[in-house]
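Everything below concerns the one structure shown next.
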Amino acid sequence: MEKISRRDILALGAVGGAALATGARAASFGNPDEPAEGAINANPAGLSDPGPKNEVLYDQFPSRVSPPPTDVGGMPQFWSSFNTASKRIQDGGWARQVTQDDFAISDAVSGVNMRLGPGGIREMHWHLAAEWAIMTNGRCRVTVLDPKGRAYVQDVGEGDLWYFSAGYPHSLQGLGPDGCEFVIVFDEGKQSEYNTLLLTDWIAHTPPDILALNFGVPADTFKSIPLHDLWIFQGKEPGPLSADQDAVASAGLPPEPFTFRLGQSTPIKSNRSGTLRLADSSIFTVSKTIAAALETIAPGAVREMHWHPNAAEWQYWIKGEGRMTVFDAGPRAQTADFKSGDIGYVKRGQGHVIQNTGTTELQFLAVFKIAEYQEIGLSSWLTHTPAPMVAQHLNIDPSVLGKFPSNQPGILPE
Ligand code: MN
Ligand code: MN
């Protein structure tokens with residue numbers, strides 16, 4: 001005789017309580033798993049957590065300490081943070097980063113959080129990856145040169161973006177009165193801010209006679225160059241923007257601006273629960289490898305259940321706090337808590353939903369290594385599939401489907 005499973009017993013209508021002595025409940029709505037997962041299914045003696053722990057960290061991750069019973073299985077860590085990344089501090093500013101070496105799941109992009117004080121300069125440099133960035137504080141002057149010799153100089157402020165194509169040389173400088181802070185996203189998971197091709201490194205490592213020939217000046221012109229690179233250093237604040245622009249305009253302007261005012265743009269979604277602003281290559285045309293969404297969510301509201309068919313989502317949590325559940329085949333589902341300065345990652349195609357669990361507005365940035373932003377909403381799918389088909393899957397009355405949002409509201413309730 002075949003062994004009778006717990007599922008069979010339940011199907012026969014038996015009362016599970018006696019058979020499941022340690023407190024596990026029958027699989028039910030909101031508590032679906034077998035074997036059951038979640039505190040609701042646990043004998044309290046096994047639920048306690050007396051062992052060594054960091055109380056501060058423990059209290060910050062309620063969804064890790066006690067996941068909802070709908071969470072199931074294991075997933076690679078999709079939470080990280082700039083808050084725990086080591087700062088490299090130099091005169092003029094600091095930076096910290098989370099690359100794929102720090103955050104294994106993040107193969108598409110890496111992230112850098114940098115501050116430059118007033119006059120602080122991130123040394124002229126270039127690198128193999130393209131650089132996308134969002135300003136979160138203050139003002140910054142950026143310079144970049146394209147391969148046709150066309151220079152671009154611009155001042156950016158909070159909510160503004162820049163994009164420097166791979167290999168294009170650039171510089172950054174904090175402006176008064178308070179300098180600036182920003183987050184850079186490289187379109188390559190392994191790209192490090194500590195591995196860039198620096199102006200001073202090259203000059204110092206070129207024979208003086210070659211420098212003389214290359215620049216058409218006597219070799220001793222360079223006798224006072226720094227022998228070690230600068231990376232970040234304290235500089236003098238620049239003059240008026242227009243003067244800097246005019247000084248380098250001889251080859252004309254690049255055809256596409258390297259900056260974009262995302263924070264000032266018209267939201268593509270807006271309702272009483274929040275806004276969604278978008279900058280992909282259809283509007284920020286130079287940004288060929290990065291698309292981004294700046295999302296705000298009111299307390300208690302949710303970013304609707306959705307996925308992105310064409311790219312993974314790298315998140316930078318700017319303000320407020322929230323909880324994200326990620327869903328994958330298996331089934332696998334995991335929930336994590338996020339606060340300001342944290343980083344999230346959702347692999348391409350994985351379902352996800354985010355709730356603002358705080359009392360203030362939640363804002364986060366979603367970045368995708370792709371030219372075109374794409375999203376499929378679960379509600380949109382279910383309302384654009386014949387109702388009898390959907391109703392048979394969910395065991396609901398087909399007429400109920402007419403109440404589901406069919407217009408991809410983005411943030412709910414509308
Ligand atoms: Mn750079
Ligand atoms: Mn998303």
Side-chain angles (χ1 to χ4, degrees), residues 78 93 95 97 99 108-114 116 121-134 140 142-145 156 161-173 182-188 191-199 201 229-232 258 268-269 274 276-278 280 290-297 302-317 322 324-328 338 343-355 362 364-370 373-380 408-412:
F78 58 85
Q97 67 179 9
T99 74
V109 302
S110 63
V112 177
N113 176 208
M114 188 179 293
L116 297 171
I121 293 173
R122 171 63 175 95
E123 178 178 352
M124 297 169 74
H125 70 279
W126 73 96
H127 32 70
L128 300 185
E131 170 174 328
W132 179 102
I134 185 166
C140 182
V142 304
T143 78
V144 58
L145 186 74
V156 288
L161 312 180
W162 70 71
Y163 180 90
F164 304 145
S165 308
Y168 286 24
H170 51 276
S171 69
L172 311 168
Q173 183 169 27
F182 49 87
V183 161
I184 289 169
V185 179
F186 292 121
D187 67 351
E188 160 56 51
Q191 177 68 53
S192 166
E193 188 69 19
Y194 308 151
N195 181 23
T196 60
L197 293 95
L198 300 170
L199 170 63
D201 275 344
D229 65 64
L230 299 167
W231 199 65
I232 286 175
F258 287 95
I268 60 160
K269 308 277 182 192
L276 210 157
R277 289 182 165 82
L278 185 66
D280 71 3
I290 296 285
L294 183 62
E295 314 193 12
T296 61
I297 305 174
V302 296
R303 176 69 170 91
E304 69 173 307
M305 299 167 79
H306 70 279
W307 68 96
H308 307 281
N310 62 346
E313 172 172 332
W314 181 95
Q315 299 164 344
Y316 174 54
W317 290 62
M324 176 167 70
T325 300
V326 177
F327 164 72
D328 195 10
F338 294 84
I343 298 169
Y345 198 88
V346 183
K347 288 185 176 184
R348 182 171 68 86
Q350 291 184 341
H352 49 290
V353 61
I354 292 169
Q355 182 170 30
L362 162 65
F364 72 95
L365 180 77
V367 178
F368 308 84
K369 183 183 168 180
I370 201 79
Y373 178 82
Q374 290 185 353
E375 168 181 338
I376 294 177
L378 181 58
S379 191
S380 176
Q408 287 209 260
I411 307 124
L412 293 150

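Counting starts at 1 for both ligands and their atoms, in listed order. FYI, side chains are in, hydrogens and waters are out, and symmetry mates aren't considered; it's all heavy atoms of this structure. If you're wondering where the values come from, they're calculated on a predicted model, not measured in any experiment.
Centred on the Mn ion (ligand 1), the NE2 atom of His170 and the NE2 atom of His127 lie at an angle of 100°, reported to 10°. Rounding to 10°, one obtains 170° for the angle at the Mn ion (ligand 1) between OE1 (Glu131) and NE2 (His125). Considering the Mn ion (ligand 2) as centre, the angle to NE2 of His308 and to NE2 of His352 is 100° (10° rounding).
By the 4.5 Å heavy-atom criterion applied to side chains, Ile354 and Leu362 are counted as neighbours.
Of the possible polar contacts, none joining the Glu313 side chain to the Val346 backbone as a donor-acceptor pair under 3.5 Å is found. Arg348 contributes a side-chain N or O that, together with a main-chain N or O of Pro309, makes up a donor-acceptor pair within less than 3.5 Å.
There is no side-chain donor-acceptor pair under 3.5 Å between His127 and Gln191.
Checked for salt-bridge contact, Glu304 and Lys269 miss the test: no charged N lies under 4.0 Å from a carboxylate O.
Among the heteroatoms counted here (N, O or S) of His306, NE2 is the one nearest to the Mn ion (ligand 2). As for Glu313, its N/O/S atom nearest the Mn ion (ligand 2) is the one called OE1.
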